[in-house]
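Only one structure is covered here, and it is reproduced in the block below.
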Amino acid sequence: MADQTAKSSGLLGWYFGTNLLVRIGGAMVIGAIVGIALAYMPTIAAPFVSYTKFFGDVFIRLLQMIVVPVIFFSLITGAAGLDPGRLGRVGLRTLAFYLILVLVALTIGLTMANIFKPGEGLNLVANAAVQGKTAAAPSLSTIFLDIIPTNPIDALAKGKVLPVIFFALVFGIALSVVRDSDDEKLSRPADTLYHVCAACAETMYKVVGGIMQYAPIGVFVLISNVFATQGPKVVGPLVFVLAIAFLAFTLHVFIGFGGILVLHGLSFAKFVKGAQEAMITAFVTRSSNATLPISMRISEENLGVPRSISSFTLPIGATINMDGTVIYLSICSMFIGFATGAPLTFDQQLMVMITASLGAIGAAGVPGAGVIMLMMVLESIGMKVEAGSAIAVAYAMMIGIDSIMDMGRTCLNVTGDIVAATIVSKYEKELDMTKWGKTA
Ligand code: ASP
């Protein structure tokens with residue numbers, strides 16, 4: 001008995017004593033190996049997935065639990081600390097960077113698909129067994145109107161990120177005005193409220209740190225389950241389209257992200273080192289929203305982004321800036337065109353650029369949002385996903401490999417947000433350069 005206690009405390013000691021990133025990275029590699037091995041043993045894979053799924057869900061739920069409070073309190077504190085004029089400038093700069101990055105991403109995605117022509121020669125034919133789905137493209141006015149919550153409490157309760165951001169911003173700006181009031185009866189409690197919100201934000205970051213201690217277990221389970229269930233389907237043309245997508249993701253990381261950082265005198269290697277915890281979390285959770293608390297913490301602690309900027313740019317980016325998703329949308333619509341013997345024309349590719357950008361703005365930062373957007377993009381170029389059609393067969397193939405695609409695209413989505421937050425802070429002369437090995 002005594003022996004057992006000593007042994008378990010030794011194991012715990014080893015667990016907590018090992019560097020967190022090493023533990024997460026190790027869990028990812030071991031999870032992938034175990035998952036691939038299980039994919040070839042379906043009789044063991046099914047019970048393995050059903051017994052372990054719980055531990056992966058715990059990780060996702062813990063992250064989801066803190067998303068709304070982290071955004072809400074950080075954003076109120078951030079907005080209340082910025083003067084409104086500066087807030088507008090930071091906002092416009094952030095949107096400009098998102099736009100530039102999305103255009104680079106789309107160009108890379110479409111170029112790769114035009115060079116490698118994924119799906120060509122597949123000659124898919126109609127298959128009545130495949131169920132079609134339809135998705136209506138959200139109009140621009142709907143996208144913008146939905147940002148304004150009709151009931152802020154409902155938006156908070158349902159975890160609607162953009163409406164929560166909107167309300168927290170408005171609240172924070174008003175709070176800063178009241179704090180500055182000449183009437184002490186107003187300014188004093190407003191100042192207290194500001195400090196309470198700041199303390200709540202700080203407390204939530206402590207919770208994030210605690211949750212990350214569980215991350216290696218969550219990561220192992222999530223990765224092994226994806227490979228155990230998706231493994232056998234990833235063959236032939238699907239491996240090819242996956243390879244092209246991941247090549248495009250990698251190119252965007254180096255050209256888009258690396259390029260923009262280097263142009264602003266920042267080391268790409270130092271960025272990756274500082275951002276890797278968020279990148280890995282995005283990869284395994286497949287959710288920009290769930291990764292938000294981590295992105296916000298590491299941007300501040302490792303990259304020197306001030307909270308006044310990260311609390312504002314990162315939550316917005318998690319919902320509207322999706323470089324990985326637009327690359328995915330462009331390559332997959334090209335795949336479906338080639339696979340069904342109807343390669344996309346130049347005009348159709350232009351249309352893909354427009355709808356993919358809008359789709360990414362409208363899509364939530366949750367797992368699988370991109371594959372729904374794909375339906376919308378296809379519809380915009382006249383390729384409706386109808387039951388029994390060849391397009392529906394090709395679309396079903398994309399659904400089959402979606403979890404793997406989603407890992408890559410979410411990792412890029414989150415990285416793009418952190419890049420933009422870093423560059424905007426640099427423009428605002430608020431980036432803590434000591435974190436980049438330079439004097440302030
Ligand atoms: N899972 C992605 C994200 O959270 C969205 C997508 O499915 O493309 O960023």
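If you're wondering where the values come from, they're calculated on a predicted model, not measured in any experiment. Counting convention: from 1, in listed order, for ligands and their atoms alike.
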Give the atoms of ligand 1, by number and element, whose distance to some non-hydrogen atom of [X] is under 4.0 Å.
{"X": "R286", "result": "1 (N), 4 (O)"}
{"X": "N413", "result": "2 (C), 3 (C), 9 (O)"}
{"X": "T325", "result": "5 (C), 6 (C), 8 (O)"}
{"X": "S287", "result": "4 (O)"}

* Asked: When you look at CZ of F55, are more than 12 heavy atoms from neighbouring residues, nucleotides or ligands closer to it than 6.0 Å?
  ->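 Not buried by this count: 12 neighbours or fewer within 6.0 Å.
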* Parallel, tilted or perpendicular: which describes the rings of F72 and F171, with under 30° parallel and over 60° perpendicular? ->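 Correct class here is tilted.
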* Asked: Should Y427 and H264 be marked as a side-chain contact (heavy atoms from CB on, under 4.5 Å) after you check the CA-CA gap, both sets of side-chain angles, and the distance that decides it?
  -> CA-CA 9 Å; Y427 270 103; H264 289 86; 3.0 Å; yes
* To do: Indicate yes or no for a side-chain donor-acceptor contact from K270 to the backbone of S267 under 3.5 Å, with no hydrogens or angles considered.
  =>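 Flag not set: sc K270 to bb S267 has no pair under 3.5 Å.
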* Asked: Just by distance, do the side chain of E430 and the backbone of S425 share a donor-acceptor pair under 3.5 Å?
  ->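 It does not hold such a pair.
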* Can a salt bridge be assigned to the pair E202 and R307 using a cut-off of 4.0 Å between side-chain N and carboxylate O? ->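 Looking at E202 and R307, the cut-off is met.
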* Asked: Does an N or O from V371, backbone or side chain, lie closer than 3.5 Å to an N or O of ligand 1?
  ->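 It does not: no N or O of V371 is found under 3.5 Å from an N or O of ligand 1.
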For [atom], find the nearest protein heavy atom and state the residue, atom name and distance (0.1 Å precision).
{"atom": "atom 1 (N) of ligand 1", "value": "D406 OD1, 2.8 Å"}
{"atom": "atom 5 (C) of ligand 1", "value": "V366 O, 3.6 Å"}
{"atom": "atom 4 (O) of ligand 1", "value": "S288 N, 2.7 Å"}
{"atom": "atom 2 (C) of ligand 1", "value": "T410 OG1, 3.3 Å"}

* Determine, considering heavy atoms only, which of S403, G370, G416 sits nearest to atom 6 (C) of ligand 1. =>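 It is G370 whose heavy atom sits nearest to atom 6 (C) of ligand 1.
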* Given D432 and K426, is the salt bridge (Lys or Arg N to Asp or Glu O under 4.0 Å) satisfied, shown in steps? -> CA-CA 9 Å; D432 179 356; K426 179 107 200 291; over 6 Å; no
